[in-house]
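Here's the structure, in structure tokens; my notes come after.
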Amino acid sequence: MMKFKLLAGAAAFAVLAGTAVAQESIKIGVNEPLTGPFAASGTYVTNGARIAADEINAKGGVLGKKLELVIEDNKSNPTEAAAVTEKLVTRDKVPVIMGAWGSSLTLASMPKLMEYQVPMLVETSSSGKITTSGNPYIFRISPPSSVEAAAFKPMVPKMTIKKVDFLVINNDWGRGAAEDFGKMLKGENIQVGLVETMDQSAQDMSAQLAKIKASDADTLMVTTAVEQLTLVLKQAAALGMKKQIITTGGSQNPDQLIAQAGSAANGTIHLATFAPWQPDSTPNPQAAKYFIGEWKKRGFDFPGVTESFRGYDGIRTIAAAIEKAGKPEPEAIRAAFWNVDVKGLNGDIKFQKQGPSGKESGQSVPNVYLIKIDDGKVVVPTM
Amino acid sequence: MSEFLQHIANTLILGGTYALLGIGLTLIFGIMRVVNFTHGELYTFGAYFVFLISSVLGLNFLLALPVAIIAGLVLGALIELLLLRPMRGADIDTTMLVMIGAMIVMQNSEQLVWGGVAKSVSTPFPETPLVIGPVSVSYLRVFVLVMALLLIAATYVLINRTKLGKAMRATFQDRDTAALMGVNVRAIYTATFAIGSSLAAAAGALLGPAYVISPHMGDIASLKAFAIVILGGLGNITGAAIGGFILALAEELGAGYVSSGYRDAMGFLIIIAVLLIKPTGLFARAERIG
């Protein structure tokens, strides 16, 4: 009897699996933090991805088939991120994945990509290690910290910076940013003082900020996501900190900072990877306007645009790769990524080789902007 | 020196809320011998209540705290009546599993209702800080500290100066004798769990607006609450109050003068030391409740 039940179960499963294959769709795995400390950012990126998939499907899909996003929550937890990658590949049989927002989340997923030989488009992560560790299944459209630091370099002499302290999230992203920006600043003869860290789920940074307040540095560079950044700005203001604050990483969502940190956000400077406030001066105005319009039409908050555009660009890049590959198969898509040329919202997306030869990862080099919050408004200073 | 004074001010502000978190948990353990894993979720519940009242319904922010306290009382009483009362007499492991299950259900319900994205509450307090000499603190955090101290004092009075408190202390010392003396032990259990829960909800209601409110905020809060309770001695209210301030001091000075990477480790290092040297907690010799 038991055996019969098992057989019946297996048969039912086979039928279910069969119908899934019969549907004319191409699956794309989306591995994002939808809960936990990075929930806001991951949700923005996922909503951006949905807009791209809907837009592509409305125009007839890819290779005559509809795109189907298989969205999974990695809970802002590296262990979960690896499990999600495995689940997407083995159970949903996706030929390509977009993910996983945070550097630690992406790094945890990478061995699984090697194991199952499935490519992943990295849309947000900044850690240098991602593209230099010799994983040929990685294609990244976000700037690594070193690219951000290099973009910031020519702006440094035009600002008044003599000595910099760092306050960074205690993971691969934050520590990598402190290292890359520290190296660049030292090259510009700017002193680097304290490097303080904060746990990704920490809510009270007063101790670190009190120490930084007492230092002789004139500038504080902060790297973390928007939720923790809001708390850092509020708590720095509560301590009466007068230092110039510069943030990195592209997950600051300046309008959200204005809304949630209020006057504490005034005077802060941010390195952003998309400047949606003047869509006409973005590299691809038509697409930017379409995306911003669609975002608003769906009732999402405007502040999310600076983050969600990466999900939109990510899915469009994946769709271009599938189109070039001619078939939705992992190896063909991986090879096709090297030939894509997509008009991204933040510049052309083309992959350059990075990392040890023979097993290079792909890295696209997007634009980086410096913006400032002045009196509750976002301004793009001319430099 | 001014940095040190700022660290001490931060310790007081943080310690007040830690103490509030610890007291609710230690009260329930001391009297009921129940390890309340839902403590962090009750904290989250209180925080979302403030968000509901002041941001969703647009009512007065100051109204939110008393309402959250009452809601915490009601929810705590419900948990006791529905989950713990039927489990009375079951061994501690079984009760623990039930409470872990309740925690998972509560956390996921919060996520279902409010979504995973953190919420922020605006308060009527000025954004410019209060500056006294070298020390600078936000008005909101001063309000939080004052309210926390008031609630701690109220709990102390309730347990030491009221008839209910006397019955609670009697139940703590010897459940069977208390029952023979006419104490309605079942009602005392419900009252204890309700009061402990409302203290957690109050802590959430106070701290939610100071931080951001998310379904996972209770995880780290309950971790700290457990640390404080172990530090102060299980069931020891004065110990939990002092333990809260000690943990805050350890974190603050640890991050300020040792390394911020070990900030959260500092508290646990102290706990390991306490468990090695004085396993019953720092204040075990004082009368255990009250």
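All chains are named by letter (A, B, ...) in the order of the sequence lines, taking the proteins before the strands, and each is independently numbered beginning at 1. Worth knowing before you read on, the calculation uses all heavy atoms, side chains too, and leaves out hydrogens, waters and symmetry mates.
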Do you know which of A/Glu227, A/Lys234, A/Gln235 makes side chain to side chain contact (heavy atoms under 4.5 Å, CB included) with B/Tyr211?
A/Gln235
If you count heavy-atom pairs within less than 4.5 Å of chain A, which of B/Ala210, B/Ser120, B/Pro215, B/Ala118 leads?
B/Ser120
Bottom line for B/Val131: the part with an atom under 4.5 Å from chain A's heavy atoms is neither
Taking atom types as modelled and ignoring hydrogens, do the side chains of A/Gln208 and B/Ser260 form a donor-acceptor contact shorter than 3.5 angstrom?
no
Honestly, the part of B/Leu14 sitting under 4.5 Å from a heavy atom of chain A is side chain
Calculate, to the nearest 0.5 Å, the distance between atoms CZ and CG belonging to B/Arg263 and A/Asp199 respectively.
10.0 Å
Quick one, A/Lys213 and B/Glu3 - any side-chain contact, counting heavy atoms below 4.5 Å?
no
For A/Met198, which atoms come within 4.5 Å of any heavy atom of chain B: side chain, backbone, both, or neither?
neither
Can you tell which of A/Gly36, A/Ser201, A/Pro33 has the highest number of heavy-atom pairs within less than 4.5 Å of chain B?
A/Gly36
Please give me the minimum heavy-atom distance between A/Ala210 and B/Gln6, naming the atom from each residue.
CB-CG, 3.7 Å
Ignoring hydrogens, what is the shortest heavy-atom contact between B/Val117 and A/Thr43? Give both atom names and the distance.
CG2-OG1, 3.7 Å
Would you mind telling me which of A/Leu239, A/Leu209, A/Asp204 makes a side chain to side chain contact (heavy atoms under 4.5 Å, CB included) with B/Asn10?
A/Leu239
Report which part of A/Ala259 has an atom under 4.5 Å of a heavy atom belonging to chain B: side chain, backbone, both, or neither.
neither
For A/Ser206, is it the side chain, the backbone, both or neither that has a heavy atom under 4.5 Å from a heavy atom of chain B?
both
Per-residue contact mode, A/Lys75 against chain B (heavy atom under 4.5 angstrom):
neither
Answer yes or no: are there more than 12 heavy-atom neighbours, outside B/Tyr257 itself, under 6.0 Å from its atom OH?
yes
Whatever's closer than 4.5 Å to a heavy atom in chain B on A/Ala237 counts as backbone
What pair of heavy atoms forms the shortest contact from A/Ala238 to B/Ser138, and how long is it?
CB-CB, 3.6 Å
Shortest non-hydrogen contact between B/Ser136 and A/Gly240, atoms and distance:
OG-N, 3.4 Å
Engaged part of B/Gln111 at the chain A interface, taking heavy atoms whose separation is under 4.5 Å
side chain
Counting only heavy atoms not in A/Asp375 (residues, nucleotides, ligands), do more than 12 fall under 6.0 Å from its CG?
no
Close side-chain approach of A/Pro37 to B/Met217, heavy-atom, < 4.5 Å:
no
